[in-house]
Amino acid sequence: MPHVRTEYDARPAPWRVGLPVNEVTSLPPVASGAFYTAETFWTAAGVAGTVLVGVLAMWSAFRSAHPKRRLNYTLSHRPLVRRRVDGSLEIRHNGTLLSDPHLVEVVLTNAGRRDIASGAFDRGEPFQVDLGVPYLDVLSTESSPATARVPPVSVRGSRLTIGPGLIGRGTTITCLLLVDTAPVYDCRHSLVDVKVQHVPVVTPARRLTRPPLTRTM
């Protein structure tokens, strides 16, 4: 009986499996790219996380230094009487005869998260509404909540001026005016770091009254 020579694999693990050489199958090479790719991925993820944290910190600091302030205003008017004033009816205010009197409502609302300080009015210029009318008088000014102070309100010709003055967060200022003829509005302001936005007045839809139904025989 012929002698069978058996040789054992002396290679280091993981290739050494303790089997004869002629029975050892080649093992596939280990892919080192997978380890490299994983290491690169986690390194990139760490860098991205660090950058994101830095950006968030910068954004938080910017928001703290520049808080969001927003001022909304609405303008509306309506005739004082339903029909035009003629010789049969006279309307006077403080001795001034009015030919087509209208009531005007100007509303300012601090809709932001922070107070609007007096210093926000650049060069001390007030919020101005030019109505382009020959006569203008302030009938009343109100604030909500009632404890809020109303900034100075005055009339310069056909212009209404409000401020400069503190407009607290959540404060609404309402000015009721009397003018002669229907106004046209030209609003100007000098507020710094304040978003000023005109909000149209939403007129509720008129409810139609249906005539009663008559049953015919």
Side-chain angles (χ1 to χ4, degrees), residues 52 54-80 93-94 96 98-206:
L52 179 61
V55 170
L56 292 177
M58 293 176 60
W59 174 248
S60 178
F62 177 82
R63 289 288 297 273
S64 299
H66 302 81
K68 187 175 183 180
R69 296 179 174 89
R70 187 169 73 245
L71 181 69
N72 295 343
Y73 69 93
T74 61
L75 308 167
S76 62
H77 64 271
R78 63 185 184 274
L80 186 62
H93 184 257
N94 292 334
T96 301
L98 306 179
S99 60
D100 188 17
H102 279 69
L103 292 176
V104 177
E105 190 175 64
V106 178
V107 181
L108 303 183
T109 301
N110 182 350
R113 296 191 297 264
R114 299 293 181 89
D115 296 343
I116 300 176
S118 302
F121 293 82
D122 187 31
R123 300 185 303 275
E125 291 293 328
F127 185 93
Q128 303 181 32
V129 182
D130 193 339
L131 296 102
V133 292
Y135 180 85
L136 170 62
D137 191 21
V138 180
L139 299 180
S140 65
T141 57
E142 298 179 354
S143 66
S144 177
T147 55
R149 296 184 60 181
V150 178
V153 176
S154 61
V155 171
R156 300 178 184 176
S158 62
R159 292 180 299 167
L160 171 72
T161 66
I162 303 175
L166 173 67
I167 304 178
R169 180 185 62 176
T171 298
T172 297
I173 301 168
T174 303
C175 299
L176 184 62
L177 318 171
L178 177 65
V179 301
D180 195 13
T181 72
V184 290
Y185 304 109
D186 180 20
C187 299
R188 301 183 182 184
H189 71 90
S190 63
L191 291 167
V192 179
D193 293 333
V194 179
K195 182 180 180 180
V196 180
Q197 183 177 6
H198 173 236
V199 178
V201 177
V202 179
T203 303
R206 296 181 58 185

Using the rule side-chain contact (heavy atoms from CB on, under 4.5 Å), only one of Val196, Thr161, Leu160, Ile167 pairs with Phe127; which is it?
Val196
Separation of [Y] [atom2] from [X] [atom1] (nearest 0.5 Å):
X: Lys68; Y: Arg114; atom1: NZ; atom2: CZ; value: 13.0 Å
X: Leu131; Y: Asp180; atom1: CG; atom2: CG; value: 12.5 Å
X: Leu176; Y: Thr141; atom1: CG; atom2: OG1; value: 10.0 Å
X: Leu103; Y: Leu80; atom1: CG; atom2: CG; value: 5.0 Å
X: Glu142; Y: Thr172; atom1: CD; atom2: OG1; value: 11.5 Å
X: Leu177; Y: His77; atom1: CG; atom2: NE2; value: 12.0 Å

Those residues that, when tested against His189, pass ring pair (Phe, Tyr, Trp, His ring centres under 6.0 Å) (two or more places apart):
none
For Phe121, give me all partners under ring pair (Phe, Tyr, Trp, His ring centres under 6.0 Å), at least two apart in sequence or on another chain.
none
Please tell me whether Thr171 and Asn110 have a donor and an acceptor in their side chains that are separated by less than 3.5 angstrom.
no
Do Gln128 and Arg188 get their side chains close enough for a donor-acceptor pair, meaning under 3.5 Å?
no
Any side-chain heavy atom of [X] within less than 4.5 Å of one from [Y]?
X: Val107; Y: Ile173; result: no
X: Val194; Y: Val192; result: no
X: Cys175; Y: Val153; result: yes
X: Leu191; Y: Asp122; result: no
X: Thr181; Y: Pro134; result: yes
X: Leu166; Y: Asp115; result: yes

Which pair of non-hydrogen atoms, one from [X] and one from [Y], has the smallest distance, and what is that distance?
X: Val133; Y: Ser158; answer: O-CB, 3.4 Å
X: Pro164; Y: Pro152; answer: O-CD, 3.4 Å
X: Pro126; Y: Gly163; answer: CB-O, 3.3 Å

Can you say whether the rings of Tyr135 and His93 are parallel (under 30°), tilted (30 to 60°) or perpendicular (over 60°)?
perpendicular
Would you please test Leu75 and Val129 for side-chain contact (heavy atoms from CB on, under 4.5 Å) and show each step?
CA-CA 9 Å; Leu75 308 167; Val129 182; 4.3 Å; yes
Can you tell me if Ser143 uses its side chain to pair, donor with acceptor, with the backbone of Arg149 under 3.5 Å?
no
Quick check against the 3.5 Å criterion: does Ser190 have a side-chain atom that pairs as donor or acceptor with the backbone of Glu125?
yes
Using side-chain contact (heavy atoms from CB on, under 4.5 Å), reason through Leu98 and Thr96 one step at a time and then give a plain yes or no.
CA-CA 6 Å; Leu98 306 179; Thr96 301; 4.2 Å; yes
side-chain contact (heavy atoms from CB on, under 4.5 Å), that's the test. Do Ile116 and Leu71 meet it? Break it down for me.
CA-CA 9 Å; Ile116 300 176; Leu71 181 69; 4.0 Å; yes
Walk me through it: do Val104 and Tyr185 pass the test side-chain contact (heavy atoms from CB on, under 4.5 Å)?
CA-CA 11 Å; Val104 177; Tyr185 304 109; 3.9 Å; yes
Under the side-chain contact (heavy atoms from CB on, under 4.5 Å) test, residues paired with Asn72 that sit two or more places apart
Arg70, Ala111, Gln197, Val199
